[in-house]
Trainee: 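Take this structure first; my questions come after.
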Amino acid sequence: PLSENKLHYIFIDGNGNKISQEFTANASLSDCKPLYDGSKVVFYASNGNSIDFYTIDAGSGTFNKKVYKVLGENISWDYNNGILTVFGTGDMNASDLNWPSGLRENVEKIVVKKGITSIPDSAFENFGKLNEVIIENGLKSIGSQAFLDCINLKKVIIPESVTNIGEDIVWNGYYWISDGSHVYDATIYAREGSAADKYAAKYGINCYHYTMLIDGKLGDVDNSGTIDALDASNVLTSYSLKATGRPSNLNAEQEKAADMNSDGNVDAIDASLILSFYAFKATGGYDILYY
């Protein structure tokens with residue numbers, strides 16, 4: 001939003017005479033006093049939790065900008081193509097949640113990266129286009145009504161690390177006429193038996209269980225550090241060998257890594273899940289599989 005404004009500037013001499021062309025830049029004026037260090041002019045402007053620092057080269061008139069977007073002492077955020085990403089370390093600061101104008105109307109997906117430990121109350125309230133929320137492992141708590149009035153929200157992935165969840169995190173702001181209870185349209189994706197799973201059951205929120213990669217072991221059959229088609233091939237080979245009464249080509253640890261759906265059998269379904277995950281990750285997907 002700070003860049004929606006147009007800044008015009010020129011150079012003048014000590015007598016007020018114009019000595020340069022008129023320059024323009026996408027920037028905002030500020031009530032701070034510009035600083036001049038002999039080679040450049042520096043000033044800033046702020047809007048919500050976005051701070052822009054501007055520099056103008058005193059010789060050429062060249063304009064530069066550096067943007068800082070803060071949500072806490074060590075937390076920043078970025079927005080690109082409908083995706084709002086929160087990253088850094090520590091707790092999100094509720095006092096910094098003054099989102100810039102227009103952002104709530106454009107975000108379709110929110111990603112909270114590993115390193116963030118808490119989401120405060122009403123953090124992402126009234127994001128009208130928001131459809132999906134991905135929270136990476138490491139978050140510990142989600143505040144009350146964190147995604148209140150997000151009327152198009154359909155999917156919220158909550159990792160097992162979350163142990164504290166406030167009330168009405170996915171309430172869309174509507175009530176059921178029959179009994180006045182809150183309406184929840186979103187589906188929570190959670191590990192079976194986790195705090196999020198129990199939370200969904202308590203409030204009657206639809207919940208899908210998932211198998212999450214743990215320390216990169218699940219699915220990495222050959223222990224190469226990546227999950228790819230070779231892992232799926234190993235699983236199929238093991239399945240074929242055992243189906244004909246021959247010993248598996250996998251040891252006990254590899255068999256455990258190959259059992260993607262944790263049903264105690266290593267078979268074609270596990271191979272299919274590995275391939276699905278491989279394709280999903282190849283298109284920028286998150287480290288998660290649904291079943």
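Just so it is clear, the structure is predicted and the values come from calculations on it, not from any experiment. We're numbering straight along the sequence, starting at 1.
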Trainee: Mind checking whether Phe63 and Tyr54 have ring centres under 6.0 Å apart?
Mentor: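 Yes.
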Trainee: Could you tell me whether a side-chain N or O of Ser194 sits under 3.5 Å from a main-chain N or O of Asp197, the two making a donor and an acceptor?
Mentor: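 Looks like yes, one N/O pair under 3.5 Å.
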Trainee: Just by distance, do the side chain of Thr244 and the backbone of Leu241 share a donor-acceptor pair under 3.5 Å?
Mentor: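 Judged by distance alone, yes, a pair lies under 3.5 Å.
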Trainee: Could you report the tightest heavy-atom contact between Thr24 and His8, atom names first, then the distance?
Mentor: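 Closest heavy-atom pair between Thr24 and His8: CG2-ND1, 3.3 Å.
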Trainee: So do Ser144 and Asp121 actually touch side chain to side chain, heavy atoms under 4.5 Å?
Mentor: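 Asp121 vs Ser144: side chains touch.
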Trainee: Would you find a donor on one side and an acceptor on the other, under 3.5 Å apart, between the side chain of Glu136 and the backbone of Lys113?
Mentor: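 No: the side chain of Glu136 does not pair with the backbone of Lys113.
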Trainee: Find out whether Tyr184 and Asp168 are in side-chain contact, i.e. whether some heavy atom of one side chain is under 4.5 Å from a heavy atom of the other.
Mentor: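 Touching, per the 4.5 Å side-chain cut-off.
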Trainee: Which atom pair, heavy atoms only, marks the closest approach of Ile75 to Thr89?
Mentor: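 Closest approach of Ile75 to Thr89: CG1-O, 3.4 Å.
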Trainee: Would you compute the distance between atom CG of Leu139 and atom CD1 of Ile119 and round it to the nearest 0.5 angstrom?
Mentor: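 Spacing of CG (Leu139) from CD1 (Ile119) equals 5.0 Å.
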Trainee: When the aromatic ring centroids of Trp99 and Phe124 are compared, is their separation below 6.0 Å?
Mentor: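 Yes; Phe124 has its ring centre under 6.0 Å from that of Trp99.
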Trainee: Hey, any chance Phe11 and Leu35 share a hydrophobic cluster, counting ILVMFWY side chains that come within less than 4.5 Å of each other, even indirectly?
Mentor: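 Looking at the clustering, Leu35 is in a separate group from Phe11.
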Trainee: Which atom names give the shortest non-hydrogen contact between Ile151 and Gly128, and what distance separates them?
Mentor: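 Smallest interatomic distance, heavy atoms only, reads CG1-O, 4.1 Å.
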Trainee: Within a strict 4.5 Å, meaning less than it, do heavy atoms of the Glu108 and Leu130 side chains meet?
Mentor: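 They are not in contact (no side-chain heavy atoms under 4.5 Å apart), so the answer is no.
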Trainee: Can you confirm whether Val266 sits close enough to Tyr239 that some side-chain heavy atom of one is under 4.5 Å from a side-chain heavy atom of the other?
Mentor: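 The answer is no, as the side chains (C-beta and beyond) never meet within the 4.5 Å cut-off.
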Trainee: Are any of the side-chain heavy atoms of Asn172 and Val170 separated by less than 4.5 Å?
Mentor: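 SC-SC contact between Asn172 and Val170 ruled out.
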Trainee: Indicate the atoms forming the closest heavy-atom contact of Ser161 with Gly138, along with that distance.
Mentor: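 Taking every non-hydrogen atom into account, OG-N, 2.8 Å.
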Trainee: Within 45° of the axis and under 6.0 Å from the centre of the six-membered ring of Tyr189, does NZ or CZ of Lys155 qualify?
Mentor: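 Judged by the rule, Lys155 and Tyr189 form a cation-pi pair.
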Trainee: Just by distance, do the side chain of Ser181 and the backbone of Trp176 share a donor-acceptor pair under 3.5 Å?
Mentor: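 Here the side-chain-to-backbone pair does not exist.
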Trainee: Okay, side chain of Asn152, backbone of Asn131: is any donor-acceptor separation there less than 3.5 Å?
Mentor: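 Not at all, since once roles are kept as given, no pair shorter than 3.5 Å links the two residues.
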Trainee: Measure from the side-chain N and O atoms of Asn15 to the backbone N and O of Asn17, and report whether any donor-acceptor pair falls under 3.5 Å.
Mentor: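 No; zero donor-acceptor contacts below 3.5 Å.
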Trainee: How far apart are the closest heavy atoms of Ile274 and Ile227, and which atoms are they?
Mentor: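 Shortest heavy-atom separation between Ile274 and Ile227 comes out as CG2-CG2, 3.8 Å.
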Trainee: Do the charged groups of Asp259 and Lys256 touch, with an N to O distance under 4.0 Å?
Mentor: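 Salt bridge: no.
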Trainee: Could you tell me whether the side chain of Ile56 reaches within less than 4.5 Å of the side chain of Phe43, counting heavy atoms only?
Mentor: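 Of all side-chain heavy-atom pairs linking Ile56 with Phe43, at least one is under 4.5 Å.
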Trainee: Are more than 12 heavy atoms from other residues, nucleotides or ligands located less than 6.0 Å from atom CD1 of Ile177?
Mentor: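 Atom CD1 in Ile177 is not crowded, with 12 or fewer foreign heavy atoms closer than 6.0 Å.
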Trainee: Considering only heavy atoms from C-beta outward, does the side chain of Phe87 approach that of Val111 to under 4.5 Å?
Mentor: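 When only atoms from C-beta onward are counted, Val111 and Phe87 do not touch, as no gap falls below 4.5 Å.
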Trainee: List the atom of Cys150, the atom of Asn126, and the distance in Å for their closest heavy-atom pair.
Mentor: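 In terms of heavy atoms, the two residues are closest at SG-N, 4.0 Å.
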Trainee: Taking the side chain as every heavy atom from C-beta outward, state whether Trp171 and Gln145 have any pair of such atoms under 4.5 Å apart.
Mentor: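 The answer is yes, as the side chains (C-beta and beyond) meet within the 4.5 Å cut-off.
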Trainee: Is it the case that more than 12 heavy atoms not belonging to Tyr44 sit under 6.0 Å from its OH atom?
Mentor: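 It does not: Tyr44 OH has 12 such atoms or fewer within range.
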Trainee: Under a 4.0 Å N-O cut-off, is there an ion pair linking Lys198 with Glu192?
Mentor: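 Result for this pair is no, no salt bridge flagged.
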Trainee: For residues Tyr175 and His182, establish whether the separation of their ring centroids is below 6.0 Å.
Mentor: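 Under 6.0 Å, so yes.
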Trainee: Judged by atom type as modelled, is there a donor-acceptor pair below 3.5 Å linking the side chain of Ser233 to the main-chain atoms of Ala229?
Mentor: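 No; zero donor-acceptor contacts below 3.5 Å.
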Trainee: Check for a donor-acceptor pair, side chain of Ser240 on one end and backbone N or O of Leu236 on the other, with a separation under 3.5 Å.
Mentor: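 Answer holds: yes.
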Trainee: Report the C-alpha distance between Ser141 and Asn164 in whole Å, list the side-chain angles of each, state the deciding distance to 0.1 Å, and finish with yes or no for side chain to side chain donor-acceptor pair (under 3.5 Å).
Mentor: CA-CA 5 Å; Ser141 66; Asn164 184 25; 4.8 Å; no
Trainee: May I ask you to decide if Val221's main-chain N or O and Asp231's side chain share a donor-acceptor pair within less than 3.5 Å?
Mentor: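 Between the backbone of Val221 and the side chain of Asp231 there is a qualifying donor-acceptor contact (under 3.5 Å).
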Trainee: Could you go through Thr55 and Asp57, starting from their C-alpha distance and side-chain angles, then the distance that decides it, and tell me whether this counts as side chain to side chain donor-acceptor pair (under 3.5 Å)?
Mentor: CA-CA 6 Å; Thr55 62; Asp57 186 281; over 6 Å; no
Trainee: Could you go through Ser20 and Ile10, starting from their C-alpha distance and side-chain angles, then the distance that decides it, and tell me whether this counts as side chain to side chain contact (heavy atoms under 4.5 Å, CB included)?
Mentor: CA-CA 6 Å; Ser20 78; Ile10 61 171; 4.0 Å; yes
